[in-house]
Protein chains: 2
Amino acid sequence: MSKKQSILTAATELFARQGFNGTATSEIARKAGVAQGTVFHHFKCKENLLISICDELVTKYVEGIKEAAQGSGTGWDALERVLWFSLNFMAERTESITVAFRETRVLQHEGGELHDHFSALMSQIIDVKRDCIERGQADGSIRQVDPYKTAFLLYILIKGIHHTRAHGLLQVPDLNTEVVEFWRQSLATGNPHQ
Amino acid sequence: MSKKQSILTAATELFARQGFNGTATSEIARKAGVAQGTVFHHFKCKENLLISICDELVTKYVEGIKEAAQGSGTGWDALERVLWFSLNFMAERTESITVAFRETRVLQHEGGELHDHFSALMSQIIDVKRDCIERGQADGSIRQVDPYKTAFLLYILIKGIHHTRAHGLLQVPDLNTEVVEFWRQSLATGNPHQ
DNA sequence: ATGTTGACTGACTAATCAGTCAGCCTGGCG
DNA sequence: CGCCAGGCTGACTGATTAGTCAGTCAACAT
């Protein structure tokens, strides 16, 4: 693993546990096994380290759900694949997700450019889910609900699970199958046109 | 408003916008219109300020849903009241909720005692919702779902809405009626025993 | 009058932080 | 071999921080 990568890994873990402002760059360096200066050799400033973590995460997630949505079958089938991908992604990338969701305010004040970049990426998440719903409504596999608001609720429920787990004050049971079944009951017709 | 209260108000607003570690006590004092020392006169340390904010919030919320759950009618009626109370509470107390959800890690390392205190309060939230569901299953107004996991999903969806709003990268539409309707469709039978 | 209390003040301090910089080390090239 | 580029180092700095403390002041009691 390159030094740059071990800095990213150490930073992700520390930011997740202690927060961005609660983590000293010297601590990141120590954990990564490099000198203080090396951190600033690879990242112009501490903030850029955070941006790197968030960017990599969101980009990978958007790619993943796009791929899951593109496969064959009905709109509901596609949506179910997106759901499962999201649930698995959440389990694998807990730390980065915690960081990306918690530290957004750092990404806000950056003259708007950075905010627009991430805003556009996040909108794609909603768009992919809405497309699945509209496709499902066209092929008869999904009920006539508001596609936009439902896409939001899909995103929100996944996000809520992550936050409740990450919060640490409640022991959250496994809910993956329940979540998919909840959405199947709310959305799927069971009778697509052939 | 007492100086103590104006310190709490200022701290809540600043913690919500900049995070706990991103806010200096001198900044809180300035915003509250008091001297630096006054902050430490009323709160032994910065952390206690955070604990005060969280404690007041969670206690009020637990009281609120308990009251909402106690009223007359079917289990579903009670659950619907709890849902609406939660949605309104979330709208009114956005800042404190943002702080309480984001800064928990600060409450963790406190020798476990503090963790246990908040953990117990949070468990009550799940318990109240589960009681409504079980009451609804007894009177026939709610379907035979897993009460415990469903109570979690109820909590999680509400939490998810807050976080998505607070995240600031997506413009979230109003979803209150949609949320209640989704749960009605998933849970309510429409045919309670009389 | 004198004493006591406690909210309140703001200058102060020891510690910590992000970021800098002068220079070290290593591998490739002529 | 000498030379160079650039990844890498860690001591250093100026700024900021949480928390302290000696003391002011107004209210009230004796």
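A, B, ... follow the sequence lines: proteins, then strands. Residue 1 opens every chain. All heavy atoms count here, side chains included; hydrogens, waters and symmetry mates do not.
Contacts of B:His167 classified as ring pair (Phe, Tyr, Trp, His ring centres under 6.0 Å), with partners at least two apart in sequence or in another chain: A:Phe101. Residues forming a ring pair (Phe, Tyr, Trp, His ring centres under 6.0 Å) with A:His117 (at least two apart in sequence, or on another chain): none. Every ring pair (Phe, Tyr, Trp, His ring centres under 6.0 Å) that B:Phe182 has, sequence neighbours left out, goes to A:Trp183. Applying the side-chain hydrogen bond (donor to acceptor under 3.5 Å, both in side chains) criterion to A:Tyr61, with sequence neighbours excluded, gives A:Ser86, A:Lys129.
Note: CG (A:Asn48) to C1' (C:dA18) measures 13 Å, nearest angstrom. Taking atom CZ on B:Phe43 and atom P on D:dA18, their separation rounds to 15 Å, with Å as the unit. Rounded to a whole Å, the CG atom of A:Asn21 is 12 Å from the C1' atom of D:dT17. Protein atom NZ of A:Lys46 is 9 Å distant from nucleotide atom P of C:dC17, rounded to whole Å. Look at CZ on A:Phe20: it is 13 Å from P on C:dC17, rounded to the nearest Å. To the nearest angstrom, C1' of D:dT17 lies 15 Å from CD of B:Glu47. Distance CG (A:Leu14) to P (C:dA18): 12 Å, rounded to an integer number of Å. The CD atom of A:Glu27 sits 14 Å away from the C1' atom of C:dA18 (whole-angstrom rounding).
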Q: Report the C-alpha separation of B:Thr150 and B:Ile142 in whole Å, then their side-chain angles, then the decisive distance to 0.1 Å, and conclude whether the side chain to side chain contact (heavy atoms under 4.5 Å, CB included) test is met.
A: CA-CA 11 Å; B:Thr150 307; B:Ile142 292 182; over 6 Å; no
Please enumerate all protein N or O atoms sitting under 3.5 Å from an N or O of nucleotides 8-10 of chain C, with distances to 0.1 Å.
unit_1 : atom_1 : unit_2  : atom_2 : d
C:dC8  : OP2    : B:His42 : NE2    : 2.4
C:dT9  : OP1    : B:Lys3  : NZ     : 3.1
C:dT9  : OP2    : B:Ala35 : N      : 2.9
C:dT9  : OP2    : B:Thr38 : OG1    : 2.3
C:dG10 : N7     : B:Gly37 : N      : 3.4

Might you list the N or O atoms of the protein lying below 3.5 Å from N or O atoms in nucleotides 24-26 of chain C, with each pair's distance?
none

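The side-chain tip of A:Lys46 points at the ring of A:Phe20 from less than 6.0 angstrom away and within 45° of straight on.
At most 12 heavy atoms of other shown residues, nucleotides or ligands fall within 6.0 angstrom of atom CD in B:Glu67.
Put simply, the side chain of B:Gln124 never gets that close to the backbone of B:Val62: no donor and acceptor are under 3.5 Å apart.
Between atom CZ of residue A:Phe15 and atom CD of residue A:Glu27 there is a gap of 10.0 Å, rounded to the nearest 0.5 Å.
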